[in-house]
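Let me begin by presenting the structure, written as structure tokens, before commenting on it.
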Amino acid sequence: MQLYICMLLSLQSEHLYFAMSMAANISSMAKQIPTVTTLLLLFFVILRVEGAERLGEVKLFVFGDSYVDTGNLVNSISYKPPSGITFPGTPAGRFSNGCVLTDYIASFLKIKSPIPYVFRNSSNLQYGINFAHGGTGIFNTLDNEPNMTVQIDWFEKLIQQKIYTKADLESSVALVNSAGNDYATFLQRKQRRMQDIPVFTASLIQQMSINLRRIHSLGINKIAVGLLEPIGCMPMLTAISSYEKCLEPFNLISQNHSQMLLQITQELNKELGKPVFVTLDLYNSFLSVLATMQKRRSDDPTLMNPLEPCCEGVSREYYCGSVDEKGEKKYGLCEKPEFSFFWEGAHLSQNGWYGVYTILYSSLRSLIQTKL
């Protein structure tokens, strides 16, 4: 199903040929599906494509980091093998082997994933724009890439240029997700201590509040806000325990951040008198999927440890996607990427994101069902 959703995102609604090809591919994957079933699948695909056409007025505007970036960081590993090996089959700018959170939310809205901002002058903008950049944060990070304030500046400039109308914005959805890189930057800088993190968290939440108010003031009335993922479960950290357990001191950082962010969105909704902001609980969604996968592994030890990355360097000096001066691969892949949770040290696989998306589905429904 997760691959099917991703494939639907690439359909062009005006061409029935693509829908027929999709049905043929589904039939092939299912190995001799009966003819009637194939026809029903084709009918379903056509309905989904036509639905996307009818809901074309819905646009998705995305702000944040690599968890929601779908192609803005053109010189990164997201455009190098083995990224994209599951979908679309080649590197396409996602920090994963396939679809990421943005893709699944776009599929929920029945639209194609919005075009990355870097390609805005050569692509169709009817589904919105993705401003998110991998490596960025609410504030500046160690990567010299645009933080969220700059991303919102770009959005405001497009509105001033009348690329989108007031009606476009009022019927649109914004996805906002950032902070993981802020904490990574804070902890890597000299003379920064764990006990200083509460003050830093407060400054992040304050700036995020400013950002959310600003996005709403520009005309967006439906805004999904990602809470912070459990950073203590990232493979780059759990490696010290041989991927056996998450590091709770780091997860406490995520818990505190998420509680404060949830509180600020509730206060903003109360202030506005309507539920503009809906939080996406990445923290508990991640842990829930991990727990489910770990239970299955306890029943079947042949399954992959969900805390292990699928793709990693052959030694410490290498990383997923590394090659030497001769162009030889210096990374290894798990046997079945489609069954992993983590793609590499900090990012989810397509399977991981699909699991998280299924848990977030009820929150997304409340976002869309709310009449503003």
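Computed from a predicted model, the values in this text were never measured in an experiment.
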Under 3.5 Å: donor-acceptor pair, side chain of Ser254, backbone of Ile231: yes
Output for pair (Asp143 CG, Thr185 OG1), nearest 0.5 Å, gives 7.5 Å
Using the side-chain contact (heavy atoms from CB on, under 4.5 Å) rule, take Leu307 and Cys246 through it: C-alpha gap first, then chi angles, then the decisive distance, then the call. CA-CA 8 Å; Leu307 288 176; Cys246 299; 4.0 Å; yes
Examine Phe131 and Ile159 and state if one hydrophobic cluster contains both, with Ile, Leu, Val, Met, Phe, Trp and Tyr joined whenever side-chain heavy atoms are less than 4.5 Å apart. yes
Specify the closest pair of heavy atoms between Asp65 and Ala179, including all atoms of both residues, with the distance to one decimal. OD2-N, 4.0 Å
Work out which heavy atom in Glu145 is nearest to a heavy atom in Gly134; give both atom names and the distance. CG-O, 4.1 Å
Going by distance alone, is a donor N or O of one side chain under 3.5 Å from an acceptor N or O of the other, for Ser66 and Asp69? no
Treating Asn97 as the side-chain partner and Thr86 as the backbone partner, does any N or O pair qualify as donor plus acceptor under 3.5 Å? no
Should Val276 and Lys222 count as side-chain neighbours, where that means a heavy-atom distance under 4.5 Å? no
Taking atom types as modelled and ignoring hydrogens, do the side chains of Thr70 and Asn130 form a donor-acceptor contact shorter than 3.5 angstrom? yes
Rounded distance (nearest 0.5 Å) linking atom CZ of Arg189 with atom CG of Leu142: 5.5 Å
Do Asp299 and Lys295 meet the salt-bridge criterion of a basic N to acidic O distance under 4.0 Å? yes
Are Glu156 and Arg214 close enough, and set up right, to give a salt bridge (charged side-chain N to carboxylate O under 4.0 Å, His left out), and what steps lead you there? CA-CA 9 Å; Glu156 183 172 16; Arg214 189 175 170 204; 2.8 Å; yes
Without hydrogens or angle criteria, can the side chains of Ser242 and Glu244 be said to hold a donor-acceptor pair below 3.5 Å? no
Taking every heavy atom of Ser285 against every heavy atom of Ile359, the minimum-distance pair comes out as OG-CG2, 3.5 Å
A side-chain contact here means heavy atoms from C-beta on lying under 4.5 Å apart; do Val58 and Lys110 qualify? no
Derivation and outcome, side chain to side chain donor-acceptor pair (under 3.5 Å), residues Ser349 and Asn351: CA-CA 5 Å; Ser349 66; Asn351 182 59; 4.9 Å; no
Hey, quick one: are Leu262 and Ile138 part of the same hydrophobic cluster, counting side-chain heavy atoms closer than 4.5 Å, chains of contacts allowed? no
Here's a test for you: under side-chain hydrogen bond (donor to acceptor under 3.5 Å, both in side chains), which of Asn140, Thr136, Asn211 qualifies with Asn147? Asn140
Please check if the side chain of Asn251 supplies one atom and the backbone of Glu248 the other of a donor-acceptor pair under 3.5 Å. no
Got a sec: does the CD of Glu267 have more than 12 other heavy atoms crowding it under 6.0 Å? yes
Test: Lys330 and Glu312 ion pair at under 4.0 Å: no
Between Trp353 and Phe286, what is the ring plane arrangement, given parallel below 30°, perpendicular above 60°, and tilted in between? perpendicular
Nearest 0.5 Å please: distance from the OH atom of Tyr164 over to the CG atom of Leu125. 4.0 Å
Could you check whether the rings of Tyr104 and Tyr357 sit parallel, tilted or perpendicular, using 30° and 60° as the cut-offs? parallel
Short side-chain donor-acceptor distance under 3.5 Å, Thr141 and Asn181: no
Would the Phe95 and Tyr67 ring centres measure less than 6.0 Å apart? no
Closer than 3.5 angstrom, by distance alone: can the side chain of Ser340 be matched with the main-chain N or O of Trp343 as a donor-acceptor pair? no
Start with the C-alpha gap between Asp153 and Lys157, add the side-chain angles, then the distance that decides, and say whether salt bridge (charged side-chain N to carboxylate O under 4.0 Å, His left out) holds. CA-CA 6 Å; Asp153 288 343; Lys157 185 175 180 180; over 6 Å; no
Can you measure from CG (Asn177) to OG1 (Thr102) and round to the nearest 0.5 angstrom? 8.5 Å
For the residue pair Met304 and Pro309, what are the closest heavy atoms and their distance? CE-O, 3.6 Å
Please say whether more than 12 non-hydrogen atoms of neighbouring residues, nucleotides or ligands are located less than 6.0 Å from CG in Asn75. no
Does Asp324 have more than 12 heavy atoms from other residues, nucleotides or ligands lying within 6.0 Å of its CG? yes
Going only through I, L, V, M, F, W and Y residues with side-chain contacts under 4.5 Å, is there a path from Leu73 to Leu175? no
Heavy-atom check, side chain of Phe341 versus side chain of Cys310, under 4.5 Å: no
State whether the side chain of His347 and the backbone N or O of Gly345 hold a donor-acceptor pair below 3.5 Å, judged by distance alone. no
Centroid separation under 6.0 Å, is that true for the rings of Trp154 and Tyr117? yes
Would you find a donor on one side and an acceptor on the other, under 3.5 Å apart, between the side chain of Gln350 and the backbone of Cys99? yes
Using modelled atom types only, decide if a donor and an acceptor are shared between the side chain of Gln188 and the backbone of Ala184 within a distance under 3.5 Å. yes
From the options Val225, Leu364, Leu227, select the one residue that forms a side chain to side chain contact (heavy atoms under 4.5 Å, CB included) with Leu280. Leu364
Measuring centre to centre across the rings, with the benzene-like ring taken for any Trp, is Phe108 within less than 6.0 Å of Tyr361? yes
With a 3.5 Å distance limit and no angle check, can you tell me whether Glu344 reaches the backbone of Ala346 through a side-chain donor-acceptor pair? yes
Do Thr292 side-chain atoms and Ser288 backbone N/O form a donor-acceptor pair below 3.5 Å? yes
What distance do Phe63 atom CZ and Gln151 atom CD have between them, rounded to the nearest 0.5 Å? 7.5 Å
Does the pair Cys320/Cys311 show an SG-SG distance of less than 2.5 angstrom? yes
Would a single hydrophobic cluster contain both Val150 and Leu218, if residues Ile, Leu, Val, Met, Phe, Trp and Tyr are joined by side-chain heavy-atom contacts under 4.5 Å? yes
From CA spacing to verdict: ring pair (Phe, Tyr, Trp, His ring centres under 6.0 Å), Phe155, Phe61: CA-CA 9 Å; Phe155 181 44; Phe61 297 99; 4.9 Å; yes
Is a donor on one side and an acceptor on the other found under 3.5 Å between the side chain of Asp103 and the backbone of Val100? yes
For Gly64 and Ser178, work out which heavy atoms get closest and say how close. CA-CB, 4.2 Å
Could you go through Glu308 and Arg297, starting from their C-alpha distance and side-chain angles, then the distance that decides it, and tell me whether this counts as salt bridge (charged side-chain N to carboxylate O under 4.0 Å, His left out)? CA-CA 13 Å; Glu308 286 188 47; Arg297 183 170 178 255; 5.0 Å; no
Heavy-atom neighbours of Glu335 CD exceed 12 at 6.0 Å: no
Are any of the side-chain nitrogens in Asp196 or Arg193 under 4.0 Å away from the carboxylate oxygens of its partner? yes
Do Lys112 and Tyr127 make a side-chain contact, defined as non-hydrogen atoms from C-beta onward lying under 4.5 Å apart? yes
Going by distance alone, is a donor N or O of one side chain under 3.5 Å from an acceptor N or O of the other, for Gln255 and Tyr283? yes
Ring centroid separation for Tyr183 and Phe200, is it under 6.0 angstrom? yes
Going from CG on Leu252 to CE on Met194, what distance comes out if it is rounded to the nearest 0.5 angstrom? 8.5 Å
